[in-house]
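These notes are about the structure you will find just below.
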Amino acid sequence: MSELEELYRRMLVIRRFEEELAEVKKLGEVPGSIHLCIGQEAIPVGVSALLLPDDYVTATYRGHGWAIERGSDLAGLFGEIMGRASSVAGGRAASPYLSDASVGFIGENSIVGAGVPIALGAALSCDRLGGGRVSVVSIGDGAMNQGNVHEALNMAAVLALPLVVVVENNGYSEMVRIEDMVRVTNLAERGAAYGIPAETVDGNDPVVVARAAAVAIERARTGGGPSIIEARTQRLVGHYSGDAQHYRPAGEVAAAREVEPLVRARAALLEAGRDAAELDAIAAGVDREIQDALAAARLLPLPDPTTVMEHVYA
Amino acid sequence: MSELEELYRRMLVIRRFEEELAEVKKLGEVPGSIHLCIGQEAIPVGVSALLLPDDYVTATYRGHGWAIERGSDLAGLFGEIMGRASSVAGGRAASPYLSDASVGFIGENSIVGAGVPIALGAALSCDRLGGGRVSVVSIGDGAMNQGNVHEALNMAAVLALPLVVVVENNGYSEMVRIEDMVRVTNLAERGAAYGIPAETVDGNDPVVVARAAAVAIERARTGGGPSIIEARTQRLVGHYSGDAQHYRPAGEVAAAREVEPLVRARAALLEAGRDAAELDAIAAGVDREIQDALAAARLLPLPDPTTVMEHVYA
Amino acid sequence: MPEIKNLSYIQAVNHALRWSLETVPNTVVFGEDVAVPGGPFGATKNLHRDFGVDRVFDLPISETAFLGMALGSAMTGLRPIAEIMYSDFLFVAMDQVVNQIANIRYTSNGKWGAPLVIRTQQGSSPGACAQHSKSIEAYLAHTPGLRVVCPTTPMEAYQAIRTAVVSDDPVFVVESRMLYPQKGEVQLDAELWPMGGARVVRPGADATIVAWSRTMTAALEAGEQLAARGVDAEVVDLRWIAPLDVETVADSVAKTGRLVIAHDAPGTGGFGGELAARVGERCFGRLRAPIARVTGIDAPLPAAPALQDVALPSADRIAGAVLETMSA
Amino acid sequence: MPEIKNLSYIQAVNHALRWSLETVPNTVVFGEDVAVPGGPFGATKNLHRDFGVDRVFDLPISETAFLGMALGSAMTGLRPIAEIMYSDFLFVAMDQVVNQIANIRYTSNGKWGAPLVIRTQQGSSPGACAQHSKSIEAYLAHTPGLRVVCPTTPMEAYQAIRTAVVSDDPVFVVESRMLYPQKGEVQLDAELWPMGGARVVRPGADATIVAWSRTMTAALEAGEQLAARGVDAEVVDLRWIAPLDVETVADSVAKTGRLVIAHDAPGTGGFGGELAARVGERCFGRLRAPIARVTGIDAPLPAAPALQDVALPSADRIAGAVLETMSA
Ligand SMILES: Cc1ncc(C[n+]2csc(CCOP(=O)(O)OP(=O)(O)O)c2C)c(N)n1
Ligand SMILES: Cc1ncc(C[n+]2csc(CCOP(=O)(O)OP(=O)(O)O)c2C)c(N)n1
Ligand SMILES: [Mg+2]
Ligand SMILES: [Mg+2]
């Protein structure tokens, strides 16, 4: 299987997971709101292709894709989001704050930017405990305006820690445009303020993302310190499950659908000689995987209310 | 009187105030610690030369010079710092947190960086209420690593507010060197991250500072948005009153004394033809002013303990 | 004839903000998604359209900077109303609250003031994670210099915001997300209410229940349950956390001899402790049973509804606590 | 033979940190001015020299980032000990405390943990401004998931830090700047103490005084004053705010029937309210007088000593409150 084909399959897993989740949400099986990464799959997939099992990943509320790429159990993820006694976080965290220690997933974070200082801590462990491990953190474009991110970037540079900061620039923070909230064209321009190598890449191409990640991760593994990768992308859906997207100009999403990662990867694969049936078979396989996981999640029990006070302390 | 001569005199006022304060502290008349701006006088003097009475100034705990330049009553300042019922803040604020609404002095701040968001607010008022007023805020080099400063700089740029941020880069944050705490050579390099014009200037020359301030303040007054001025300087004394400065390399302070603003200004004035006696007369006048203020402060009563609950609320 | 409308809580908030922009000079409204989008919950709907971008504007995700901006602009002539989207997010900007906004009047000896309003909303909802479900009034209550109100009805919300906007003190209006859809009558041209004051919502003789914020719903329901069982509970809405109206509560307890305090925030260190301490002192010798507290668990709030159900005060639990004080 | 030294409180802290670096694997110490300078108060003196820059290092003035770093590194194998120079500065990093550090064990269903220590110091001193004089224990106490200790003597400080460092929970060691110079005997090779537990420092029969942090000094002095007037006060050092040892306090009050709680933090919303509420509940019917609180004023703390003198609990005021409960 070619590199792209594998990346394509992995993006499909995330896409189908998210789509299925949207359906399950409509059925009333998901309490609370969910923030889907539909359209942004190339980023977790491209970056994670370079990661090893004992690396660490930190993400945001829009982090299902990162958890999946880390190798979290799909049924456990569905279950967690559906408020069940999941293998992931027992139903305590839900969609926007889940974590999974078993796969080095530091977790999502629902406080904008707050994951970066935490990922910095994981990078400190990687550095001090040895083994060439790295800590990757994903944030959104809007998060670049939070003080916590600024502080952590500077500190990562000063301590030369193995931290890779991935900025998934989807152009929006909730309902406002990033160009109205900063006075730089590319967020990667901020790297210079910290002395951190930074580049802006096409976030809808997993191969491009993987190439940038390879450089950054190699730099981190070999003591070269932090990097910033700004990956340009678009979300094809609302900020959260109930978002009517009135704020998006007409045609924007339709145009985005033309250049979204799965459409592009499929076209590239066809171009490279794969036939459609082959790709459909991959999709069917992914679909089964997702359906099985969802079915398994539906069998998970609800959390036992008598356990509500467990794990506040060690 | 020439521009430099007036600037020299004003620097002398600050210098003598601070020196006298150090003496008074030694005499046990000042409770708590004080953070003197000795060596950095050219910065408040150079910037304030361009300010009008209804502009706003915000500073740090090292802000006596800024308060003096704003026109705060010298006796009131001494009294405030000495824990007396002063005209400045009634003894409630002391050396590191004093403010003076009567002269548009938003105040010092003892939380590193926290004055910048507040000064941003004053800039918002300047903008929305009209009149071409500006808000100036002084911070230290170390404050550039606080999240609050980052957020406020970006916001000032986005809102194009009349804010002038003066970074008094004295090379140290308490006992650590700025070059160990950032990976840029000049802090002004960070301006680009916000799209804010920024420059690094000689902070020991009040004329140079005034020139930079003129540009920044004019920009602010005319709707051109914020600016950053990094003024390079050195403190000739400890971070605070009890600081033995073990962390400073041998000879550093001695070398700094050769190029400090008052020495340089005096030399320049002599060079320009002023004679020493003239300058000594200025110094003597300043000295009297300071002595008178201190004498007046010593006559101020202690705050009345029965007023302790006043002014918590309006 | 008074102008009375049937409005949801969030609509009442919108009306109060509109009133402020129309009536109180130099009012500005800012926060995240408050302008063009009209607010994540619709609180600021159409205000940007009607009052323009100079007065109603969106900001980057920089709460520290914009609460600082609220302070600095309030000191210098504006009357800012800032929105913190979820009360949990206040913690990223807590320095500006605790060390700046709360201090300035006192530390300037009254020469500066901070006439600003910070609106936020709190409480848990099904599926909300621990970072979107805190109830924060106790953190604010322990910070002298602030005023804090937790409105529970559309009319209360309308009046609380108006009172806050004309106040020369910094006021936190802590709204309740769970109550946003609830409707009620709002008299738009009502006189302004003074700041402070609890309200006896349900008079009763046997026991006193005090609650605030979302928990009032459970408290009132408990009152009904108890009535059905022949226990006549007096239910008091504390409303203002600061200034605190202990008198109304103490008067009620002097009458009933029994007190149950309910709130969603964790019990330990919650504001219920303060209230219990004060009433315990005032009503010493007049209490017929120990003061009981029914509160959120001493844990971060779990997201799964199955766990949330036992994590927060319910009408059942409040009624149960009252019955226990009756048998004490 | 036990190894006993006469140390100041700050020296005891230094010894405890040294013990941690020597004994507990993967311990790291970081903060502002803690490495080469040895700490603003000397707590980390020579640790950088003896353990190297990888384990003891200085950081930029970025408290949010470094508390987050403490959390992330604690989750992944290190045992960080972070220093927040003044407790007031914690508010700039409060999100990492309230929304991150306190949550992670619970929200991960026990799969992640945060074995970290945050040392800070609190309290007012003459001339200190309102931004350098907060007492913060109540904010922490209301945040489930944290452990909080306020040591009052060199030996307490030494043991509290050691207990904190080996704990798998996040522990705040809230030291007292005013007590730093005070000397006392420290047994360096003492067994570790378990976490929690108040201590009866002065046994007595007539009334109970509970205090913690700096205020213990005033409480003990009040005990002496009262003894001179024939009142035999029992003085309890609460020590751990979380976990809280109500039993020791309640046992004392069951005996004396009278309770005065003293702390420097503002009274309203202070931890004294919580304690009063708990004891009020437990000792209902056994109290001979209302529980009294002697606290810092409900205001930002003023800098001038003339104002500070009346702003904080003194031995006189505490003794006065006890006498009042005696005559109730
Ligand atoms: C501190 C904080 N402020 C505000 C929010 C509310 N909020 C949630 S997501 C979001 C937008 C974030 O935008 P971006 O960083 O671009 O990420 P994206 O959602 O686009 O992935 C905001 C403002 C929050 N969760 N935390
Ligand atoms: C938030 C916060 N963290 C730490 C401190 C302690 N502190 C006071 S001054 C200072 C150094 C500041 O350095 P810089 O910004 O360069 O200003 P300078 O003192 O050199 O004028 C520090 C760390 C503080 N006051 N506030
Ligand atoms: Mg975005
Ligand atoms: Mg400096």
Side-chain angles (χ1 to χ4, degrees), chain B residues 54 56 58 80 85-94 97-102 104-107 109-111 113-129 133 135 137 146-156 158-159 161 303 307-314, chain C residues 25-28 30 52-55 57-80 82 92-93 95-96 98-116 143-147 167-171 195 242-243:
Chain B
D54 57 0
Y56 294 110
T58 309
E80 182 62 34
S86 82
S87 58
V88 173
R92 283 161 152 73
Y97 192 24
L98 57 85
S99 65
D100 190 344
S102 68
F105 188 50
I106 298 284
N109 210 299
S110 275
I111 300 295
V116 187
I118 300 170
L120 176 74
L124 182 71
S125 290
C126 292
D127 182 72
R128 296 298 197 266
L129 300 174
R133 293 175 302 148
S135 171
V137 56
Q146 264 285 338
N148 51 24
V149 174
H150 166 78
E151 293 188 1
L153 287 174
N154 180 63
M155 207 176 281
V158 168
L159 299 176
L161 294 181
T307 65
V308 73
M309 288 306 296
E310 285 173 12
H311 304 305
V312 181
Y313 298 100
Chain C
N26 299 327
T27 308
V28 291
F30 53 71
V53 70
D54 268 10
R55 298 191 65 196
F57 47 100
D58 284 324
L59 294 174
I61 313 172
S62 305
E63 286 85 357
T64 302
F66 75 67
L67 290 196
M69 186 164 83
L71 172 56
S73 61
M75 289 169 71
T76 53
L78 294 179
R79 293 210 162 236
V92 306
D95 171 63
Q96 287 292 340
V98 172
N99 286 321
Q100 314 295 341
I101 291 170
N103 282 351
I104 188 63
R105 181 175 294 277
Y106 189 78
T107 56
S108 70
N109 207 23
K111 287 167 77 182
W112 288 114
L116 60 90
T143 307
L146 305 177
R147 305 293 198 181
S167 163
D168 285 334
D169 289 322
V171 184
M195 181 174 287

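Chain letters run A, B, ... following the sequence lines, proteins first and then strands; every chain starts at 1.
- Side-chain contact check for C:Thr76 versus B:Arg133: every heavy-atom pair is 4.5 Å or farther apart.
- For the residue pair C:Gly72 and B:Ser125, the shortest heavy atom distance occurs at O-OG, 4.4 Å.
- If you check the side chains of B:Asn148 and C:Gln96, you find no donor sitting under 3.5 Å from an acceptor.
- In this structure, C:Met75 and B:Ile118 approach most closely via the heavy-atom pair SD-CG2, 4.1 Å.
- With a 4.5 Å cut-off on non-hydrogen atoms, B:Leu129 touches chain C through its side chain but not through its backbone.
- Among the candidates C:Ile61, C:Ile101, C:Asp95, the residue making the largest number of heavy-atom pairs closer than 4.5 Å to chain B is C:Asp95.
- Contact of C:Leu67 with chain B is not made at all, since no heavy-atom distance falls under 4.5 Å.
- Contacts of C:Leu59 with chain B are made by side-chain atoms alone, with heavy-atom separations under 4.5 Å and no backbone atom involved.
- Residues B:Met155 and C:Ala65 approach most closely at CE-CB, 3.7 Å, considering heavy atoms.
- For B:Glu80, no part lies under 4.5 angstrom from a heavy atom of chain C.
- Heavy atoms closer than 4.5 Å to chain C are found in the side chain of B:Asn109, but not in its backbone.
- At distances below 3.5 Å, not a single donor-acceptor pair connects side-chain atoms of C:Tyr106 with backbone N or O atoms of B:Glu310.
- Of the two parts of B:Val149, neither the backbone nor the side chain holds a non-hydrogen atom closer than 4.5 Å to a non-hydrogen atom of chain C.
- The two residues B:Ala314 and C:Asp169 have their closest heavy-atom pair at N-OD1, 2.8 Å.
- Heavy atoms closer than 4.5 Å to chain C are found nowhere in B:Ala119, neither backbone nor side chain.
- Among the candidates C:Asn103, C:Ile104, C:Asp168, the residue making the largest number of heavy-atom pairs closer than 4.5 Å to chain B is C:Asn103.
- Within the model, atoms CG of B:Asp127 and CG of C:Leu78 stand 9.5 Å from one another, a figure rounded to the nearest 0.5 Å.
- Residue pairs satisfying the salt bridge (charged side-chain N to carboxylate O under 4.0 Å, His left out) criterion with at least one member in residues 63-77 of chain C, sequence neighbours excluded, are absent.
- Take C:Asp58 and apply the salt bridge (Lys or Arg N to Asp or Glu O under 4.0 Å) test, not counting sequence neighbours, and it matches no residue.
- Without hydrogens or angle criteria, C:Thr107 side chain to B:Arg92 main chain gives no donor-acceptor distance under 3.5 Å.
- No donor-acceptor distance shorter than 3.5 angstrom exists from the side chain of B:Tyr313 to the backbone of C:Pro170, with no hydrogens or angles considered.
- With rounding to the nearest 0.5 Å, the separation of OG in B:Ser99 from NZ in C:Lys111 is 7.0 Å.
- Residue B:Leu124 comes nearest to C:Ser73 through the heavy atom pair CD2-CB, 4.0 Å, listed as atom of the first residue, atom of the second, then distance.
- Using a 4.5 Å cut-off between heavy atoms, B:Val137 makes no contact with chain C at all.
- To the nearest 0.5 Å, atom OG of residue B:Ser86 and atom CG of residue C:Asn109 are 7.5 Å apart.
- With values rounded to the nearest 0.5 angstrom, C:Gln100 atom CD is found 6.0 Å from B:Ile111 atom CD1.
- Both the backbone and the side chain of C:Asp54 come within contact range of chain B, with heavy atoms under 4.5 Å apart.
- Looking at B:Leu159, only its side chain comes within 4.5 Å of chain C, counting heavy atoms on both sides.
- Looking at C:Phe57, only its side chain comes within 4.5 Å of chain B, counting heavy atoms on both sides.
- In this structure, CG in B:Asp100 is found 9.5 Å from OG in C:Ser108, a value given to the nearest 0.5 Å.
- For the pair C:Trp112/B:Ile106, a side-chain contact is recorded, criterion being any heavy-atom separation below 4.5 Å from C-beta on.
- When each of B:Asn154, B:Val88, B:Val116, B:Val158 is checked for heavy-atom pairs under 4.5 Å with chain C, B:Val88 comes out on top.
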